[in-house]
Amino acid sequence: MSKKVRTRFAPSPTGFMHVGNLRTALYEYLIAKSLGGTFVLRIEDTDQERKVEGAVDIIYNTLRQAKLIHDEGPDIGGEYGPYVQSERKDLYLPYAQKLVEMDKAYYCFCTKERLDSLHNDSDDIGGGYDRHCRNLPKEVVEKNLAEGMPYVIRQKMPLEGSTTFNDAVFGSITVENSELQDQILIKTDGYPTYNFANVIDDHTMNITHVVRGSEYLSSTPKYNLLYEAFGWDIPEYVHLPLIMGKNDDGTVSKLSKRHGATSFEDLVKQGFLPEAVINYIALLGWCPKDNREIFSIEELVENFRIDGISKSPSIFDYDKLEWFNGEYIKALPVEKFAEISMPYFKKAIKTKELDWIKVASILQQRTTKLTQIPEKIEFFEAQPDYDKELFVNKKSKTNLENSVTMLKEGINALNALTEWNHDTIHDCLIGLAQQLEVKNGTLMWPIRIAASGMSVTPGGAVEILDILGKEESMTRLQKGLAKLS
RNA sequence: GGCUCGGUGGUCAAGCGGCUAAGACACCGCCCUUUCACGGCGGUAACACGGGUUCGAUUCCCGUCCGAGUCACCA
């Protein structure tokens, strides 16, 4: 109850933001903010071989778009910097050496080749390191070191006993120490491994809640042993259930490329709104007591509770995401919707000058993904070559014969209009239907078909004529009439 | 394979010893309607299995089965 809550998001700059990662970031943010704490961004780039150019910018951009604003980080600083592990490189070795002094770690001079053969020899999986260097005489170690022989530093796991730790979502977990590998702490290149750097950084940065995917559950005892060796307080562990994808054969596995878009950027590219993505993944593994579904990031902060996190893995459901996206799209002011849709409008409409607000207003209620837009409106740009059978519709009571009449009458009536807008067109057509003593659909159907050339359109006949303008409308209606005669 | 974790409809999930086992997505039907959609109403569909504990188990314990994660000089 004493310490101020601090969580950290510690991604590796791999070049894209997996939704599982993003969800971890989200929960870290929510835990910190819901408890009045601090959210820290730390870049874990200890793997020099996997460095990707521009990857850090992707992290910043994603966090910004997702509205997960960090309080400390490489770009804004803070009192626990530096926040990039490669810039902290010199920090780790002394801790590892201290562990060696305490006999909790040791130098290992085994070559890559020896390790490889070790893995190959053991036919059953799980051979691991044979602890070859665990008890090298001190003189040998010093001699090797003096000769500049490459080395790693390994953690010296207890051979007996067991280690128990507590997790906020999974509860108490006990593992036999004999199961634990003498994992590497410092690599040959001098960089710490992820596991080691994590412990050192989390402690020196005063992190109170270690939040991460449940794939780390089995390595957590090793962390505990490290904390205990140093005599440090053990943080609160919060392991999150994994996000899975459904395979074609019905099995499930960790969400990956073959399941569809898995990165935040890809999702956005596919026409999903950042808010919708965040809202959806927030509910993947967490549930409020009242089972509400629509949450802004601020509302999530208000309602988030760690005990609402579930243990079982969940499958990423693109259908449900799409539903969320539709809800968010519908909730947008039409001007805003028009603005974010503009790139998609332009993709379909290259020459015509349309009233974008009107286009947006007929699209907004029926769009669940922005990428659906172009195909829905391309008929405004150019009419597709349609079959005259489209004029036949049972429900509207239209056929090839009466469509001719409807079109003729419609053209005459519309032609007489001096003002061309939604209301005048609407009143004109509705009035005409009454006058002809036919149901609205019987008149509207052929007109909509002639105007669009499509059986399914966003908006009805009136909206389409309005957007098309009088001149283009009349041309299309005449063409439709010609097609029928 | 060892170890660890998990198992409520197709999916996300509520439930935390007693309920006709919620809700949402998807699917189906009806209504609304100038198409589609939106919206409204309704429907199909679940406690993996076997033992205990208990007056009573979806809920607690054990076993089985199934699934996942992990066993790297990757994070």
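In what follows, chains carry the letters A, B, and so on, assigned in the order in which the sequence lines appear, proteins first and then strands, with residues in each chain numbered from 1.
With C1' as the reference atom, B/G15 and B/A22 are 9 Å apart, rounded to whole Å. Nucleotides B/G17 and B/C32 place their P atoms 48 Å apart, quoted to the nearest Å. Between B/G50 and B/U59, the two P atoms lie 12 Å apart (nearest whole Å). Nucleotides B/A75 and B/G69 have their C1' atoms positioned 15 Å apart, rounded to a whole Å. Going from the C1' atom of B/C62 to that of B/A26 covers 38 Å, rounded to whole Å. Taking the C1' atoms as reference points, B/A45 lies 39 Å from B/G2, given to the whole Å. Comparing B/U54 with B/G18, their C1' atoms are spaced 12 Å from each other, to the whole Å.
Counting only residues at least two apart or in different chains, salt bridge (charged side-chain N to carboxylate O under 4.0 Å, His left out) contacts with residues 180-202 of chain A comprise A/R8-A/D202, A/R42-A/D201, A/R42-A/D202, A/R88-A/D201, A/R131-A/D182, A/R134-A/D182. Legend: side chain to side chain donor-acceptor pair (under 3.5 Å) pairs involving residues 438-460 of chain A, not counting sequence neighbours, sorted by first then second residue: A/R448-A/T457. Listed by first then second residue, pairs satisfying side chain to side chain donor-acceptor pair (under 3.5 Å) with a partner in residues 12-21 of chain A number zero, not counting sequence neighbours. Under the salt bridge (charged side-chain N to carboxylate O under 4.0 Å, His left out) criterion, no residue pair touches residues 158-176 of chain A, with sequence neighbours excluded.
Distances shown here put every side-chain N or O of A/S253 at or beyond 4.0 Å from the OP1 or OP2 atom of B/A68.
Rounded to whole Å, the distance from NE2 on A/H239 to P on B/U70 is 12 Å. Put simply, CG on A/D290 is 11 Å from C1' on B/G23, counting in whole angstrom units. In this structure, A/E179 places its CD atom 12 Å from P of B/C5, rounding to the nearest Å.
Residue contacts for A/L242: at a heavy-atom cut-off of 4.0 Å it reaches the sugar-phosphate backbone alone, with no base atom in range. As judged by a 4.0 angstrom heavy-atom cut-off over every strand, A/M244 is placed among residues touching the sugar-phosphate backbone only. The residue A/C108 sits apart from the nucleic acid: no heavy atom pair falls under 4.0 Å. At the heavy-atom level, A/N198 lies nowhere under 4.0 Å from the strands shown. Looking at heavy-atom distances under 4.0 Å, A/V252 makes contact with sugar-phosphate atoms alone, never a base.
Partners of A/H203 according to the ring pair (Phe, Tyr, Trp, His ring centres under 6.0 Å) rule, which considers only residues two or more places apart in sequence or in another chain, are A/W232. When the salt bridge (charged side-chain N to carboxylate O under 4.0 Å, His left out) test is applied to A/K257, no partner is found at least two apart in sequence or on another chain. The side-chain contact (heavy atoms from CB on, under 4.5 Å) search around A/K336 returns A/L332, A/P333, A/E339, A/I340, not counting sequence neighbours. Checked against salt bridge (charged side-chain N to carboxylate O under 4.0 Å, His left out), A/E236 has no partners two or more places apart in sequence or in another chain.
Searching all strands for a Watson-Crick or G-U wobble partner of B/C5 with both distances below 3.5 Å returns B/G67. Under the Watson-Crick or G-U wobble criterion, with both distances below 3.5 Å, B/A72 is left unpaired in every strand shown. Across all strands shown, B/C55 forms a Watson-Crick or G-U wobble pair with B/G18, both key distances being under 3.5 Å. In this structure, B/G23 and B/C12 make a Watson-Crick or G-U wobble pair, each of the two defining distances being under 3.5 angstrom. Nucleotide B/G42: paired with B/C28 (Watson-Crick or G-U wobble, both distances less than 3.5 Å). Across the strands present, B/A37 finds no partner; the criterion is a Watson-Crick or G-U wobble pair with both atom distances under 3.5 angstrom.
Using a 4.0 Å cut-off on heavy atoms, the residues of residues 435-447 of chain A that approach RNA chain B are A/N440, A/G441, A/M444, A/W445, listed by number.
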Inset, instruction - Produce a footprint string for nucleotides 7-16 of chain B: one letter per nucleotide, 5' end first; B if the base is under 4.0 Å from any protein heavy atom, S if only the sugar-phosphate is, - if neither. - result: S--SSSSS--
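If A/I173 and A/S396 are placed on RNA chain B by their nearest nucleotide, the residue sitting closer to the 5' end is A/I173. Checking A/P192 against A/T174, the closest nucleotide of RNA chain B that is more toward the 5' end is the one next to A/T174.
A/R448 contributes a side-chain N or O that forms a donor-acceptor pair with the base of B/U35 under 3.5 Å. Residue-to-nucleotide contacts include a donor-acceptor pair under 3.5 Å from the side chain of A/Y216 to the base of B/A75.
A/T368 and A/Q372 share a side-chain donor-acceptor pair at under 3.5 Å. In this model, no donor atom of one side chain and acceptor atom of the other lie less than 3.5 Å apart for A/N166 and A/Y237. Between the side chains of A/N144 and A/Y151, no donor-acceptor pair is found at a separation under 3.5 Å.
A/Y344 does not carry A/K376 over the face of its six-membered ring by the limits of under 6.0 Å from the centre and within 45° of the normal. A cation-pi geometry, defined here as NZ or CZ lying under 6.0 Å from the six-membered ring centre and within 45° of its normal, holds between A/R154 and A/Y129.
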Detail all sub-3.5 Å separations between protein N/O atoms and N/O atoms belonging to nucleotides 59-65 of chain B.
none

Short N/O separations, protein against nucleotides 36-43 of chain B, under 3.5 angstrom:
| unit_1 | atom_1 | unit_2 | atom_2 | d |
| --- | --- | --- | --- | --- |
| B/C36 | O2 | A/R366 | NH1 | 2.7 |
| B/C36 | N3 | A/R366 | NH1 | 2.1 |
| B/A37 | O2' | A/Q365 | O | 3.2 |
| B/C38 | O3' | A/K330 | NZ | 3.2 |
| B/C38 | O2' | A/Q365 | NE2 | 3.1 |

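Between B/C3, B/C73, B/G69, one nucleotide has an atom nearer to the side chain of A/K254 than all others, and that is B/G69. In the set B/U35, B/A75, B/C5, B/A75 carries the atom at the smallest distance from any side-chain atom of A/E44.
Between A/R212 and A/E28 there is no salt bridge, since no side-chain nitrogen of the basic residue lies less than 4.0 Å from a carboxylate oxygen of the acidic one.
Among A/T193, A/I184, A/L93, the single residue meeting the side chain to side chain contact (heavy atoms under 4.5 Å, CB included) criterion with A/I153 is A/L93.
Taking the centre of each ring, A/Y216 and A/Y194 come in below the 6.0 Å mark.
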